[in-house]
Amino acid sequence: MNLYKSDLYMSDLDLIIEHTDVLKDMKGTSVLIVGARGMVCSAIADLLFRYNEKEDAGIHIYLAGRDDKALLERFSKYAESEYCTAVEFDSSKKGSLIDKLPDNISYIIDGIGPSAPSDIGAHPIDSLYYNMGLLRELLEYADANKTISTLYISSSEVYGISEKGGPFKEDDYGYIDILNPRSSYSCGKRSCETLCACYAFDRKIKTVIARPGHVYGPTARPGDDHIAAQFAIDAAHGRELKMKSQGLQRRSYCYMLDCASAILTILLRGNSADAYNISNPESVLSLRSMMSYIASAGGVRLSIADNDISQDSSATLALDNTMHGSSLNAGKVSDNPMPDSSLDSDKLLSLGWRGLFDARQGADHTIRIIRQAGD
């Protein structure tokens, strides 16, 4: 799939650029994006590349990932640009990334790490350990090289389970079962956030934290097993969508380009050692409603079943098991027990950010872009 073949994707980038005024403050700087092929980080990179193209901004973008050839293929439109550098590294090896970097990077965005339910469940040690080890190296680099700001992309899973439910403010923390291997993701994210705060306090460097809710859009990688990503692909190809649950959970959804602009806003305007939820107030709705928008955009049927989640279906995924309180035991997943896991976005809005795509429009653009981009 080549997103650059989609006129709609390029126009969405242009719309975001028009309304993201922090971009002008990044002219002539350099940005390291770690995990650059991921749904959110690839959208950030495309936004910066497009801004360079339109405004001759001179932002040097370092794309860090496990496969430099795959990086250059994903960003094929800009791969030959003097402002594009792909950096291949192995997150399990100390210094694998840092030793390849110049000493003048202005901004760091760390978005690497498993987030797909299957990856977290299969590799809990990687989920916990590699994220924190690499983040420490990045923070040491930021301290030594006077990086302007370092942003860590965390997760709304840090909130755990709360009887109160959402919308969650940034200081609303609930219970996490620390002896459940599935909690390696949420506990790892909490640990990384604390590490950012420690470096901000001890080394006096600027660190900021973004906590996205449910991000969706056409930049999802092939094989992404989040329900929104899989249902979008199915709907774009005309396949019926089947839910195994009623999908009544209330969630915060955000189109990936809105999320990208939010992250850049936090990177430049956020207070050091502070965390910010990423949630579009116009896209807080039930899982069922979101999936109905995707089905409608694709012109396909959405069926809602009452059957127990343990019953098998190879055709579709029934739920997104990366939310608060989800668990993995002996290969089984359980549904999110919280009826409302939405996020409060007041702190982010106070920085001047606004989402441009509500859930219906975001779903429609996702399906149309996937179709335009081709297989």
Which pair of non-hydrogen atoms, one from [X] and one from [Y], has the smallest distance, and what is that distance?
X    : Y    : answer
E282 : D358 : O-CB, 3.7 Å
R288 : L302 : O-CD2, 4.1 Å
I370 : P218 : CG1-CB, 4.0 Å
S149 : L267 : OG-O, 2.8 Å
A297 : A363 : CB-O, 3.8 Å
I263 : A210 : CG1-CB, 4.2 Å

Heavy-atom count around [X] [atom1] within 6.0 Å, excluding the residue itself: above 12?
X    : atom1 : result
Q246 : CD    : yes
R136 : CZ    : no
K69  : NZ    : no
K93  : NZ    : no
R269 : CZ    : yes
D56  : CG    : no
Y173 : OH    : yes
K27  : NZ    : yes

*Begin from the C-alpha positions of I369 and D12 and carry the test side-chain contact (heavy atoms from CB on, under 4.5 Å) through to its verdict.*
CA-CA 10 Å; I369 291 169; D12 280 357; 3.7 Å; yes
*asked:* Salt bridge or not between R211 and E193? Use side-chain N to carboxylate O under 4.0 Å.
replied: yes
*Decide, yes or no, whether a salt bridge links K347 with D274 under the criterion of side-chain N to carboxylate O below 4.0 Å.*
yes
_Could you go through L151 and I209, starting from their C-alpha distance and side-chain angles, then the distance that decides it, and tell me whether this counts as side-chain contact (heavy atoms from CB on, under 4.5 Å)?_
CA-CA 6 Å; L151 182 143; I209 298 156; over 6 Å; no
Going by atom types alone, do [X] and [Y] pair a side-chain donor with an acceptor below 3.5 Å?
X    : Y    : answer
H60  : T85  : yes
Y78  : E53  : yes
N277 : Y159 : yes
E140 : Y199 : yes
D90  : S92  : yes

*In terms of ring plane angle, is the pair Y255 and F357 parallel, tilted or perpendicular, where the classes change at 30° and 60°?*
tilted
Same cluster for [X] and [Y] if Ile/Leu/Val/Met/Phe/Trp/Tyr side chains link at under 4.5 Å?
X    : Y    : result
L138 : I205 : no
I112 : I105 : yes
V158 : L195 : no
I61  : F75  : yes
Y51  : Y83  : no

Look at the side chain of [X] and the backbone N and O of [Y], then say whether any donor-acceptor pair between them is shorter than 3.5 Å.
X    : Y    : result
K24  : D21  : yes
Q372 : S6   : no
D172 : K169 : yes
S30  : N104 : yes
S162 : K164 : yes
D177 : L179 : yes
S96  : S91  : no
K94  : G133 : no
S286 : S289 : yes
S252 : S342 : no

*Going through the checks in order, is the side-chain contact (heavy atoms from CB on, under 4.5 Å) test met by E137 and Y141?*
CA-CA 6 Å; E137 291 187 49; Y141 172 94; over 6 Å; no
*Out of R74, R37, K77, which residue meets the salt bridge (charged side-chain N to carboxylate O under 4.0 Å, His left out) rule with D46?*
R74
Given side chains that start at C-beta, do those of [X] and [Y] come closer than 4.5 Å, heavy atoms only?
X    : Y    : answer
V31  : Y62  : no
L287 : M243 : yes
Y107 : T150 : no

_Pair N271, V208 - check side-chain contact (heavy atoms from CB on, under 4.5 Å), show working._
CA-CA 7 Å; N271 294 321; V208 286; over 6 Å; no
